[in-house]
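Counting from 1, the numbers follow the sequence of the chain as shown. When a ligand or atom number is given, it counts from 1 through the structure's own listing order. Because only heavy atoms are used, hydrogens play no part in the values below, and waters and symmetry mates are left out as well, while side chains stay in.
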Amino acid sequence: MKLERSAQLYQRAIAVIPGGVNSPVRAFNGVGGNPIFVTRAQGPYIYDADGQRFIDYVGSWGPLILGHAPRSVLDAVARAAKDGTSFGWATEREVELAEHVTKAVPSVEMVRFVSSGTEATMSALRVARGFTGRDRVVKFAGCYHGHADAFLADAGSGVATLGIPGCAGVPDGAVRDSLTVPYNDLNAVEATFSEHGDTIAAVIVEPVACNMGLVPPSPEFLPGLRSVCDKYGALLIFDEVITGFRLGLGGAQAHFGVTPDLTTFGKIIGGGLPVGAYGGRRDIMRVVAPLGPVYQAGTLSGNPLAMAAGIATLECLERPSFYSDLDSRAKTLTDGLDKVLASHGNIARVDRVASIFYLWFKPQSDRPARSYDEIKSADAGLFVRFFHALLNQGVTLAPSAFEVGFVSNAHELQHIEATITAVDLALKSVLG
Ligand code: KE4
């Protein structure tokens, strides 16, 4: 691994940007060493500042389901850019993307675009509080919903990676109404509601937890959340920033057959440009300004370039067999990894939901994790050594033991086979 140019850029970066990065997990604090700086990307590949090429499974943390720099998205953004970058006036592209989203996800009768997943979840919570007149929110340990104050308690992405249990700078009052319970634990949810039920505005959940490794919902979990919300008059918010348009056009709610009241989106619907969204039942969304009393706004919400990228992306996803083809690529990868891991005494396991996968070391069980505690009991130190060994083999996973990997439709069989070989060689170098 050459790191001269990245190291030089890093030295410049830390002089002017906290930690040298614009999002903490990129700093490699979770795996040690200095971050690589990327100069360009194409298909399944990223290229770093030292001219090294990697098969990439970070995929910008989820948006790049079509791989890096897909022609159709680049052309759409270029066409839009010719007419300007932002207007601050209503535009047709916002309507077009909203029509794509509401057609794909029937529970989303109306949708509002924002510029990040954080804005989406923050706004969805405010809408739920405004609609119900209640203040409390139930969230789950290990889930991550962005960095709005109310959610920064036991968050599962950057915060957990950095080992910060809560977060400095968040006043007690901001999390006083945030009730955190273990994921997949319906008894804990029931107990929380029996104590606080008529003060709870919403339950917010990642329908597949992807920020504490990969923790699928138990069969009764999501239906159980739906019924407890109905029983106590709380709203069910599915945070589909990752799962939305990833598990299928209808996202996790279609995949599992459970309908939330509100849904948040991000990542894929922007095709790599900054877009988030929240939406749901028409009667709920009517509280949103300018229709109703819940204020939410954004200078670049519905930005024409971001809308163009999102429209171009969703048009590709709407093609028949897109998802069956994508998921079969991911299955080929994890089937191959299963064989390699077995040849190394199953020192690690790989779990998969659709085109999302997660490789974790010395798991305590021979099944996917059911909670954050199970993930935390894994051998993160061994992951760190494996991460660097795999990087030396020309393959990137996320620089964190708590993040998942993403397969795109740019990952061809040749890339998947090369990845399986690279994992085998990396394990040999780590395990001896
Ligand atoms: P953003 O504000 O980062 O666009 O979205 C926040 C968010 C909300 N909900 C879920 C389920 C999410 O996964 C995220 C953000 N995901 C992380 C990685 N898992 C973003 C990567 C980063 O923080 O740099």
### Query
Just one of Thr332, Asp325, Asp327 clears the side-chain hydrogen bond (donor to acceptor under 3.5 Å, both in side chains) bar with Arg329, so which one?
Asp325
#### Entry: Residue list, side-chain contact (heavy atoms from CB on, under 4.5 Å) with Asp50, at least two apart or on another chain
Lys2, Glu4, Arg5, Ser6, Asp48, Gln52
### Query
Closest heavy-atom contact between Phe406 and Val58?
CD1-O, 3.4 Å
### Query
Restricting to pairs with a member in residues 10-53, which pass ring-ring contact (aromatic ring centres under 6.0 Å, His included), not counting sequence neighbours?
Phe28-Phe387, Tyr45-His415
### Query
Counting distance only, does the side-chain N/O of Arg112 pair as donor-acceptor with the main-chain N or O of Tyr278 below 3.5 Å?
no
### Task
Have a look at ligand 1 and work out which part of Val25, if any, has a heavy atom under 4.0 Å from it: side chain, backbone, both or neither.
side chain
### Query
Is the shortest N/O to N/O distance between Asp239 and ligand 1 below 3.5 Å?
yes
### Query
Is it the side chain, the backbone, both or neither of Glu403 that has a heavy atom closer than 4.0 Å to ligand 1?
side chain
### Query
How about Phe221 and Phe140: are their ring centres within less than 6.0 Å of each other?
yes
### Task
Determine whether any heavy atom of Lys267 lies closer than 4.0 Å to an atom of ligand 1.
yes
### Task
List every atom of ligand 1 that sits less than 4.0 Å from any heavy atom of Gly146, numbering the atoms from 1 in the order shown and giving each element.
6 (C), 7 (C), 8 (C)
### Trp61-ligand 1 polar pair, N/O distance under 3.5 Å
no
### Message
For Glu206, which part has a heavy atom under 4.0 Å from ligand 1: side chain, backbone, both, or neither?
### Response
side chain
### Task
May I ask you to check if ligand 1 and Thr121 share an N or O to N or O distance below 3.5 Å?
no
#### Entry: Option passing side chain to side chain contact (heavy atoms under 4.5 Å, CB included) with Gln253 (candidates Pro260, Pro207, Pro106)
Pro260
### Query
Going by the atom numbers of ligand 1, which of them fall below 4.0 Å from some non-hydrogen atom of Ile242?
13 (O)
### Task
Give the atoms of ligand 1, by number and element, whose distance to some non-hydrogen atom of Ser23 is under 4.0 Å.
22 (C), 23 (O), 24 (O)
